[in-house]
Amino acid sequence: MDYEAVIGLEVHAELQTASKMFCGCAVVDSTQAAPNTYVCPICAGLPGTLPVINAQAVNFALRVALALHCAIPPLNVFARKNYFYPDLPKGYQISQYELPLGVNGWLEIDTASGPRRVRIRRVHLEEDTGKLNHAPTPPGAPPAEDYSLVDLNRAGVPLLEIVTEPDLHTPEDVKAYAVQLRAVLRYLGVNGGDMEKGVIRFEPNISVRPTGAAELRTRTELKNLNSFRALERGTQYEITRQIAIWNSGGQVIQETRGWSEAEGRTLPQRGKEHAHDYRYFPEPDLPPLALDAALVEAARAALPELPAARRARFERDYDLSRADAELLIEDPALADYFEQAVAAQPANARRPKVIVNWLIGELFRLLNETGRPLVAAPVPPANLAALTALVSGGTINANTGKAVLETMFRTGRAPAEIVAEQGLAQVSDAGAITALVEEVLDAHPDELATYLAGKPTVEQWFFGQVMRRLRGQGNPQVIRAALAAALTRRQASA
Ligand code: ADP
Ligand code: ZN
Ligand code: MG
């Protein structure tokens, strides 16, 4: 039987506000800060403390909900979601349940069969939990199998949960949605998108059903996916696993499963939970949150250009392919860099595609090799533009250009300076090059004879010899033309 997958995504994104959701503690990089250094009685869950709603978090959440085309209910209510876990000091999480901040939105993604809208069921505000570090025995502690150390720096960090309808059907869809959503959050300036640090966490709910059927079968939920690759692989694994179960006459059971990157498979974590297990009730320490229409409209008016609009503009104004535009817009810093570089090209010689090629080909290679982010690249956009102008204008050839870029990257200097200082300017003088070609032909009578006897590939070898004598700085077009002409003459006189 043929099966199709049905997938809905739950996404948790920390909001990068100055302070936590209900207290004044700073929001810090929880993979860097010393454990338990940003904790107060409120986020530590001590009795007798009172939470206060963070206005910036509400504003950030509102921006996201609006960017995702959600309707904004005029009244939001926070609820207590009760459960016990050592990283949850209060014994409950403050979350939104019946009245979330945003409902019924959508996000457009690119799929193999064209652009498609993924419906968003809800966007709600809550607080993150602390972290458990499963550590070896700490110094001075009595020996035990293992220890779990609690770090509350992350406890109480504003968290946004974004839940889709089950509208996705392949691991590629899931990735496309995740990439697009992450881009939106970055453009809104509310989340840095670093999956390895766990500031954004994607959790697919996956089921399979006979192709064409309308029913939804039992789903599993996947956790611990800390890269796009893991998200795709984990989803694919789960689809395959469930199809095999149904095909062998078994039953998929509803559970939460974890992805093991090392083993390349999913493993059961815990069984089915029902909403009633959490004994939700309205948070008695917080008033309902009224979002009046004026506030919502002000937030809507303040939305920046979003990734989809920017991609469309890149395709239109810079005449880029959809794939190039898609790649550029994903990271706003990259898109900004590109636009600045194009703006730095002379107005009568704007060549956006040339910038894309140097940026994605050469500059990315150098960034990857050094592990630096683009914002820290010692090559400002104007310098990259200047380099492309030197190549397009024929001052240097493309290969020399690559070498110059490496020097630019190492030293932060401008390309023209490097070219002048190292004498890298391309040799384009047709007379000089013709003389050199003749010299090379005379110096290699055997190879010339082979060529004349009918082996045209020797021409490329001659080209290499000439280029070598020019220390790689010859103008390839001029050399090729001079060489072809000289060989024709030799042929005629042979
Ligand atoms: P819960 O809050 O209990 O985790 P929800 O019903 O809110 O469950 O759904 C969570 C996510 O799972 C949503 O993205 C939803 O679209 C998706 N989902 C629900 N049922 C299924 C199913 N049978 N197959 C695939 N995805 C599903
Ligand atoms: Zn605190
Ligand atoms: Mg769930």
Side-chain angles (χ1 to χ4, degrees), residues 3-12 17-28 30 33 36-46 49-52 54 57 68 79 81 83 89-90 93-98 100 103-107 118-124 126-130 151-158 161-171 173-174 177-178 181 201-210 213-223 235 238-239 242-243 246 251-257 269-278 280:
Y3 286 90
E4 73 171 348
V6 181
I7 307 161
L9 233 64
E10 287 175 62
V11 180
H12 287 95
T17 47
S19 58
K20 293 188 183 179
M21 188 63 221
F22 301 112
C23 65
C25 291
V27 170
V28 295
S30 65
N36 299 307
T37 47
Y38 295 87
V39 186
C40 73
I42 297 173
C43 57
L46 298 192
T49 57
L50 283 176
V52 176
N54 178 337
L68 298 176
K81 181 181 184 182
Y83 63 96
K90 293 196 291 281
Q93 180 187 29
I94 302 180
S95 180
Q96 296 183 318
Y97 184 55
E98 277 165 47
V103 294
N104 300 332
W106 53 266
L107 178 65
V118 177
R119 290 171 300 156
I120 307 238
R121 181 181 289 179
R122 57 187 281 142
V123 172
H124 75 246
E126 55 188 34
E127 55 180 335
D128 211 346
T129 61
D151 175 8
L152 295 181
N153 284 340
R154 203 179 69 175
V157 167
E161 179 167 331
I162 303 161
V163 183
T164 75
E165 295 293 340
D167 282 354
L168 302 157
H169 299 285
T170 64
D173 285 359
V174 169
Y177 173 83
L181 181 65
R201 313 192 282 270
F202 296 95
E203 285 154 13
N205 285 263
I206 303 164
S207 65
V208 300
R209 65 183 173 196
E215 53 158 346
L216 285 177
R217 291 199 176 179
T218 306
R219 70 186 143 118
T220 58
E221 180 173 344
L222 257 194
K223 293 195 183 284
T235 303
E238 198 49 27
I239 293 170
Q242 291 185 14
I243 292 175
W246 292 121
Q251 287 270 334
V252 170
I253 53 167
Q254 185 170 339
E255 62 187 352
T256 300
R257 298 179 67 89
Q269 280 189 332
R270 55 185 150 91
K272 163 177 181 162
E273 283 145 0
H274 289 290
H276 62 246
D277 295 338
Y278 293 122
Y280 279 102

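Note that ligands are numbered from 1 as they come in the structure, with each ligand's atoms numbered from 1 the same way. Because only heavy atoms are used, hydrogens play no part in the values below, and waters and symmetry mates are left out as well, while side chains stay in.
- Near Leu216, with a cut-off below 4.0 Å to any heavy atom, the atoms of ligand 1 are 23 (N).
- Atom CZ of residue Arg154 and atom OG1 of residue Thr129 lie 4.5 Å apart, to the nearest 0.5 angstrom.
- Each of the atoms 13 (C), 14 (O) of ligand 1 lies under 4.0 Å from some heavy atom of Val163.
- Near Thr164, meaning under 4.0 Å from any of its heavy atoms, are these atoms of ligand 1: 13 (C), 14 (O), 15 (C), 16 (O).
- For ligand 1, the polar-atom distance check finds no N/O of Ile7 at less than 3.5 Å from any of the ligand's N/O atoms.
- The proximity of Leu9 to ligand 1, defined as any non-hydrogen pair under 4.0 Å, is limited to the backbone.
- Here Lys90 pairs with Glu127 in a salt bridge; the nearest charged N to carboxylate O distance falls below 4.0 Å.
- Ionic pairing of Arg257 and Glu221 is not present here: no N-O contact between side-chain nitrogen and carboxylate oxygen is shorter than 4.0 angstrom.
- No side-chain donor-acceptor contact under 3.5 Å links Asn205 to the backbone of Ile7.
- Of all atoms in ligand 1, listed by their number and element, those nearer than 4.0 Å to a heavy atom of Val6 are 24 (N), 25 (C).
- Between the side chains of Gln254 and Thr220, no donor-acceptor pair of N or O atoms lies under 3.5 Å.
- Atom numbering of ligand 1 starts at 1 in the shown order; those under 4.0 Å from a heavy atom of Ser207 are 22 (C), 23 (N), 24 (N), 25 (C).
- Rounding to 10 degrees, one finds that the Zn ion (ligand 2) sits at the corner of an angle of 110° between Cys43 SG and Cys25 SG.
- For atom 3 (O) of ligand 1, the nearest non-hydrogen atom from the set Arg219, Glu10, Glu203, Arg209 belongs to Arg219.
- Residue contacts with ligand 1, taken as heavy atom pairs separated by less than 4.0 Å, involve Arg217 solely via the backbone atoms N, CA, C and O.
- Residue Glu215 qualifies as enclosed at atom CD: its count of foreign heavy atoms under 6.0 Å is above 12.
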| said: Using the rule given for side chain to side chain donor-acceptor pair (under 3.5 Å), can you reason through Asp167 versus Thr164, listing the C-alpha separation, both sets of side-chain angles and the distance that settles it, and then say yes or no? | reply: CA-CA 7 Å; Asp167 282 354; Thr164 75; over 6 Å; no
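- Figure legend: cation-pi geometry between Lys81 and Tyr278, with NZ or CZ positioned under 6.0 Å from the six-membered ring centre and within 45° of its axis.
- For ligand 1 and Arg121, the ligand atoms under 4.0 Å from any heavy atom of the residue are 5 (P), 6 (O), 7 (O), 9 (O), 15 (C), 16 (O).
- Distances below 4.0 Å separate heavy atoms of Glu165 from the following atoms of ligand 1: 16 (O).
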